[in-house]
Each structure stands twice: as structure tokens, then as C-alpha cells.
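Accompanying notes for the structure given below.
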Amino acid sequence: MKHVWLFLKDTLKILIVFVLCTSFFYMALRMVHLEYERYHRYDEPKGAAVKVFNQEDISWPERLSIFIQLGE
């Protein structure tokens, strides 16, 4: 009977540690999520930002040729 009691006691300790660690991890993930939820990725940049993408008007056969050559 003593072995069963020790087994249950150890199992309960492990369960409590597991629940506490899981709860801590969950709360940490929620905090990170809340922080990044407030971050606006698509706002216009501030300061001396330069537009780095300039799309040219290319005909679709030429664009298809570039796609095949470069494997985009």
C-alpha cells in the first residue's frame, strides 16, 4: 500500500509541475500575441524611407519568358 501512495504522490507532483509550466507558457504566448496584435505592419514608414519596388509595364509574353528563365 505504501508503494501505491508514493506512486500517487509522485504522480501528483509531476501533474502539478506540468500544469504550472503549461499555464506559464500559455500566458507568455498570450502576452507575445497581444504585443504583436498592436503592431501595425502595414502603416506607411516614417522618416526618410525610400520606395524600393518599382513595377515596370511589361507585356505578358515577356513576363512569361522571364518567369521561365528565372523560375520565379
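Here the CD-CZ distance, from E35 to R30, works out to 14.0 Å after rounding to the nearest 0.5 Å. The line from CE of M27 to OG1 of T22 is 11.5 Å long, rounded to the nearest 0.5 Å. Here CG of L15 is found 13.5 Å from NZ of K13. Values are rounded to the nearest 0.5 Å. Note that the CZ atom of F7 and the CG atom of L12 stand 11.5 Å from one another [nearest 0.5 Å]. Atom OG1 of residue T11 and atom CD1 of residue I16 lie 11.0 Å apart, to the nearest 0.5 angstrom.
With hydrogens and angles disregarded, a donor-acceptor distance shorter than 3.5 Å links the side chain of S23 to the backbone of V19.
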